[in-house]
Structure formats: structure tokens, C-alpha cells
Enquirer: 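What follows is a single structure, and I will ask about it in a moment.
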Protein chains: 2
Amino acid sequence: MKNVADLAGVGIKTVSRVINREPHVSEETIARVRRAAEQLQYQPDIHAGNLRRADRRTDTLGLLVGSVANPFSAAVHRAVEDIALERHVAVFASSLDEDPERELSSVNAFLRRRVDGLILTTIQPSQAYLGAQLDQGIPIVFVDRRPHGIEADTVITENAEGASGAVEHLLAMGHRRIAYLGDDAKIFTARERKRGYLDTLRRAGVAPDARLMIDNLDDEAKASAAVADLLALDDPPTAIFSAQNLITVGVITSLRSAGASTRVALVGFDDVPMAALLEPAVTVVAQDPASIGEIAARRVFDRLDGLDEPARDFVVPTRLIVRGSGEIRPS
Amino acid sequence: MKNVADLAGVGIKTVSRVINREPHVSEETIARVRRAAEQLQYQPDIHAGNLRRADRRTDTLGLLVGSVANPFSAAVHRAVEDIALERHVAVFASSLDEDPERELSSVNAFLRRRVDGLILTTIQPSQAYLGAQLDQGIPIVFVDRRPHGIEADTVITENAEGASGAVEHLLAMGHRRIAYLGDDAKIFTARERKRGYLDTLRRAGVAPDARLMIDNLDDEAKASAAVADLLALDDPPTAIFSAQNLITVGVITSLRSAGASTRVALVGFDDVPMAALLEPAVTVVAQDPASIGEIAARRVFDRLDGLDEPARDFVVPTRLIVRGSGEIRPS
DNA sequence: CTGAAAGCGCTAACAC
DNA sequence: GTGTTAGCGCTTTCAG
């Protein structure tokens, strides 16, 4: 900046004024400073400026999602980026990988870099450790999973209701033996979806069968193996409710190779790529990751703009997409 | 930091030493400082420190990909993140959206935040504007597309060769009327893949037919419409080479709805989600996005560690995955 | 409309 | 082993 000032024959503060588009600088001076900056390829250092600036904004945001490679997370990320771009805010993106340590290290990495706000998917049993930052005015919005030990804005899918819808759909098709395949019960969404499944069965007077409920399915291969086990049962399920997108893919693969894909009904939670082009096409309870990301990002910026209201829960609706696999009737 | 120093009853520099794990501090003092830092919830400001530090590293990296929501880009991103994590480097991720303006604004956003290195997918006709940063010691690695007007490390897929492989495969199945469906020719990968297609046809003595080559397909819908047009031709193609993943999806949809998916052969460039589960399963020339991301990230860090050798071209191999759609013979 | 001086939170260089 | 001083690149404050 000093170099630019010297070259333009002005003081350092004038350069600062021009760069920050502050008023009270003559057109001519502005032009001269701009020319000098151009010539020296001057790039202002945002961090040096923010050191002394009143609001201390870094125009930066930290985003922690399940995995940047997962289609659901990627869609959330994209939505956040689009909103952030409008405000010239850059986003740090990280993957959680369901690792509690990673939650902590990512959050700390964000905080040391003085992000203006945080959008987080979490796995630690408690997020109370973030209370200080929240009080300190750093907006935090939790996405996809509800936090514990802290009151903060949260944007989640209507997990239990969506799962209920899926199970009701299968019940309406005449199924009574409906299997549940889900993630680790440590994960908020897995618990909620299972709750929806159980409640709906009970409401319908169907006694849940422990042999038809399988948890801890954290990859496709495990889901496939679980389906093989289910089909080998004396009285196998006539329908499957798969509570997560990767699990659904594993279920489809396994059903296919057992030749059971047109016999056993399937409804998945969260949409699956190419679902409409599969045979049978896959009926799903679709989430709306773009809305989740958008709502979360807007909330962060609203708070940054001074919004001061109690923490709020945003629940994003799901949508049952009927495509074929969920309309197979029990034989 | 001053507060921590006061609370611990030491000088500010001692706190700095403890935080940065510098030697020559007594165990006892370390313990005292740590306790004070804990108590005050002290978070060092990485940017303030880097202002004076000799190497001026921000432990931050800028990544620009096609779109964070595209599976190919997402896989590149994930690989970069994994490598960066090992070094406690955070990554800013942005989407290009094939918009030249966005390339410039993203790069500038990264630069103003003083990233240590850049991994970029570009669309501007020239990247000469980055010469100054490169000379200044900021490592830049171009991924997926070769830059122009600048000598820098580049990691790309063997586009022309992969396309050749696809077309040779179709020729070997007996096809002579092979259509090409591709992206905007402004895009490096689209040009390269088309070149591979054309060269291979010519080598085989097949005269390219302009009516069978369609460019500028930048979404699924356009690809679908293009296929419909092709099928309406007097002598329609017996095979299709689709040069990009979104286009392949559009082609499949269209072929399906025309009832031609088991009659017209298809080989896609870049793998498609669920490809193995479709009917027929989709033969593709698979790329290796994880390797691309990993090589690019390692290269950035090698340069940051002082590696000083001429810019290099890394070409990542493709792999033909035979699944069914590409093995349909002409009727 | 413009500039000089102080200071943001930290590290470098040097003293003790 | 520990503290002091200067200064990183910028904004703030205040004087002109």
C-alpha cells in the first residue's frame, strides 16, 4: 500500500480510501491511485485490514458437511456457496466422516482462521463447547442434525415424518413385514428415521420385528450383506425401508443379484442418482438439500446483519416420489 | 495474547512460544500458560501471526472446480481435502459454472485472502493474468483443463486417448455410424475428446458425418433433445459416444423413452452414478478424479516445500469399463 | 479533501 | 529461560 501511495504521490490513507471506496476523494486522485495500484499489481491484504477494522469481518464462512463427495452434502454445499457468493464471502468446506475428532479439529481450524460464521453437521455427543463463540457473536447454524447442549439455529429435514410417509406408503400397498435398514444410531438422522418407522408400524398395529431392523450400515457393502441376510430368513420381509442414500444403493444391488428386485418393495430415504432410470424405478422420500443449504446460509447472514432473535428450528419438508419400487405388492 | 500473558504472569513472547511449541520454555511455564489460555478460551489468530511471520503462510488453499455439486468435481475436491488435512491446511472451494467472470472473481477472492496455493479449473481463453502470482511463489496447479499463456503444472485426464478407446471399442463392435455428443468446444476437455473421436474415425477409414456430431450440450435436457433429433434422421447412428457425464444421463433418458436403448450402442466419457445397475448397464471410459485431486494437491505442497523444477504435465489414465451398452452390435 | 500517528494481534530480532 | 522493542499491512482517529 505504501508503494502505491508513493507512486501515486499521495498518503497511505488516501490509497486506503480509494480501495475501500470511501467518499471524500477527488475523482482525479482516485484515478491516479487506481493507475498506480494497477501498475504495481497491488492486491489488498484482507486480513491485515480486518485486524484493525471495527467489525473484524473476514468475509469467510466455515462449512462442515458429512462428506463433500456425498451428493446430499454436495447439494447443501452448492446452495451455501451460491448465497455466500452474493455477499463476496468465501467458504471453507470440510468433511466430517462421522468422526467426532474431525468435528473438533475442523471447527478449530475454522475458528483460528476467524470465519464470520459457521454451518455445521456434527457427530459429537455435545456441542456445548461452541457456546462461547455463539455468545461472542459468531453465528452458528446446525444443518441436518440437531445439536446438543447448546441453543442455536438448526435446519433439518423432517426425518421422522418422512420416514412415516414411506412406511405408510408400504403399509397401504398391503405390506406387513417391512424391514428397516439404517445408519449408526449415534447419528441423529438415523435415530429420527427409525423412530418414524417404529411409530408408524405401531400406529398400524404391526408389531416391530427385531430381526427386520438392522442398524450400523455405514457403507453399500454392509447394506448389501444385510439384505442377503434378510432374504435368507424363514419369513423374509416383503418390503424394505432404507433410511439413507448409500444404503439404498446397496439394497438395490443386493436385491438385483438375488433376483428379488421386482418381488420385494423398496422405499428409500433421500433421493438416489438415476433413480428414475432404474428397473424398477426407485420410490424415495426425497430431501431438499438445496433448501437446507440456502436457509442455513441466509440465517448466518441475517444474524451477521444484526438479527437478534431466539434460536429457531427450520424443518424442511420431504416429498414422496412414487416411481415403482415402492408400489410392488406382497405376493 | 496479552490477557493470557498477564493471567499466567509471563511476557507476551512466552505465550507465543508456548502456542507455537518453540523450545526453551520450562515445563512449568508451559503448564501455566496453557492453563491461562484454556481459562480464557484463547484462540490464536492465525492471520495476525502470519502478518509478521517469515514465510507468511496462511495454511489455506484455493480450489476452483466445475461445480462442487458435480460428482466428478466433488471427487476431486474430496481428494484435495484429504491431502490438505494432513498438513492442517484448510481449503476454499468454489464453482466455476463455465463462467469466465467467475474464474476471475474466484481467483481474486482467493488471492485477497492470501491462499498459499491454487488448484484451478479454468474457462478464460488465457491464464496469463496469473503469471505474476506464479513468479511470486504461489504454486498454481491446473486441473482437468490445460491453461493458456502460462507455464504451470497441469493435471489432466488422457482425454483424446480415452475418447479414442471408446470409439475403437464401438468400431470393433461393427459400428460405422457413430454419433458424437459433446460440450461447448470452448471447453478444453470437449475439444480433446472430440479430437480423439475424429482421429479414430479417420484412422479407421470412416468419414465423419457432420450431422452426427453435436456440440454445445450443456445440460441433460439438451442432450436428450439432440438424441431425439439423431434418431429421427434418415440413417440414424447405430452407436453414440457421449463425451461428458451429464450428457450421458440425458442420452440414456432419451434412448429409453424412444425404446432404443437396447438397439443403439452407447459409450460415455466419465463414469455415471449407478451405471452398473441400469438396463443395459452403461459402458464408460472412467476417469480417476481422486487421483487428479491427489496429484494436484501433492504438487502444490511439494512446491510449497521448495521443489523447484519446470512445470510438468501429469496425465491421468482412463479405463474402459465394459458393462453392456457399448457392446450392442449394429442391426 | 487529505495525511500523520497510533494500534489491531502477533512474530522477529535481540537483549537480559 | 524469558522479556522488550520494532514492525507486518492495514484501518481508525484526529488534525489540518
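Small disclaimer: the values here were computed from a predicted structure and weren't measured. Numbered from 1 within each chain, the chains take letters A, B, ... in sequence-line order.
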Enquirer: Are OP1 or OP2 of C:dC1 and a side-chain N or O of A:Ser26 less than 4.0 angstrom apart?
Expert: no
Enquirer: Could you tell me whether the phosphate oxygens of C:dT11, OP1 or OP2, come under 4.0 Å of any side-chain nitrogen or oxygen in B:Ser16?
Expert: yes
Enquirer: Counting any heavy atom closer than 4.0 Å, what does A:Pro23 reach on the DNA or RNA strands: base, sugar-phosphate only, or nothing?
Expert: nothing
Enquirer: Round to the nearest Å and state the distance from B:Asp45 atom CG to C:dT11 atom P.
Expert: 10 Å
Enquirer: Specify the separation, in whole Å, of atom CE of A:Met1 and atom C1' of D:dT12.
Expert: 13 Å
Enquirer: Using the closest heavy atom to pick a nucleotide of DNA chain D for each, name whichever of B:Gly11 or A:Gln43 lands nearer the 5' end.
Expert: B:Gly11
Enquirer: Would a distance-only check, ignoring hydrogens and angles, find a side-chain to backbone donor-acceptor pair under 3.5 Å from A:Thr60 to A:Val115?
Expert: no
Enquirer: Taking atom types as modelled and ignoring hydrogens, do the side chains of A:Asn108 and B:Gln43 form a donor-acceptor contact shorter than 3.5 angstrom?
Expert: yes
Enquirer: Indicate yes or no for a side-chain donor-acceptor contact from A:Thr121 to the backbone of A:Leu64 under 3.5 Å, with no hydrogens or angles considered.
Expert: yes
Enquirer: Can you tell me how the ring of A:Phe92 sits relative to the ring of B:Phe92, calling it parallel under 30°, perpendicular over 60° and tilted otherwise?
Expert: parallel
Enquirer: Measure the distance from CZ on A:Arg112 to P on C:dG9 and round it to the nearest whole Å.
Expert: 17 Å
Enquirer: Expressed as a whole number of angstroms, how long is the span from B:Arg17:CZ to C:dA15:P?
Expert: 15 Å
Enquirer: Do any pairs count as a salt bridge (charged side-chain N to carboxylate O under 4.0 Å, His left out) and have a residue in residues 47-63 of chain B, sequence neighbours left out, and if so which ones?
Expert: A:Asp45-B:Arg56
Enquirer: Run the salt-bridge test on A:Asp116 and A:Arg87 with the 4.0 Å N-O cut-off and return the result as yes or no.
Expert: no
Enquirer: The side chain of A:Asn20 is closest to which nucleotide in this list: C:dG3, C:dG9, D:dT11?
Expert: D:dT11
Enquirer: Using five pairs at each end of the helix from C:dC1-D:dG16 to C:dC16-D:dG1 to define an axis, what is the angle between those two axes, to 10°?
Expert: 30°
Enquirer: Can you tell me if A:Thr29 touches the phosphate of C:dT2, counting only side-chain N or O atoms and a distance under 4.0 Å to OP1 or OP2?
Expert: yes
Enquirer: Just how far, in rounded Å, is C1' of C:dG9 from CZ of A:Arg114?
Expert: 9 Å
Enquirer: Salt bridge between B:Arg34 and B:Glu38, side-chain N to carboxylate O under 4.0 Å?
Expert: no
Enquirer: Using heavy-atom distances to pick each residue's nearest nucleotide on DNA chain C, tell me which of A:Thr14 and B:Glu22 is more 5'.
Expert: A:Thr14
Enquirer: What's A:Asn50 touching, base or sugar-phosphate or nothing? Going by heavy atoms closer than 4.0 Å.
Expert: nothing
Enquirer: Between P on D:dT2 and CD on B:Glu27, what's the gap in Å once rounded to a whole number?
Expert: 11 Å
Enquirer: May I have the distance from B:Asn3 (atom CG) to C:dC10 (atom C1'), rounded to whole angstrom?
Expert: 14 Å
Enquirer: What does the list of N/O pairs under 3.5 Å between the protein and nucleotides 5-8 of chain C look like, with a distance for each?
Expert:
| unit_1 | atom_1 | unit_2 | atom_2 | d |
| --- | --- | --- | --- | --- |
| C:dG7 | N3 | A:Arg52 | NE | 3.2 |

Enquirer: Specify the separation, in whole Å, of atom NZ of B:Lys2 and atom C1' of D:dT4.
Expert: 13 Å
Enquirer: Say whether A:Arg78 and B:Ser67, considering side chains only, have a donor N or O and an acceptor N or O under 3.5 Å apart.
Expert: yes
Enquirer: Any ion pair linking A:Glu192 and A:Arg145 (charged N to carboxylate O, less than 4.0 Å)?
Expert: no
Enquirer: Are the side chain of A:Glu151 and the backbone N or O of A:Ala311 linked by a donor-acceptor pair below 3.5 Å?
Expert: no
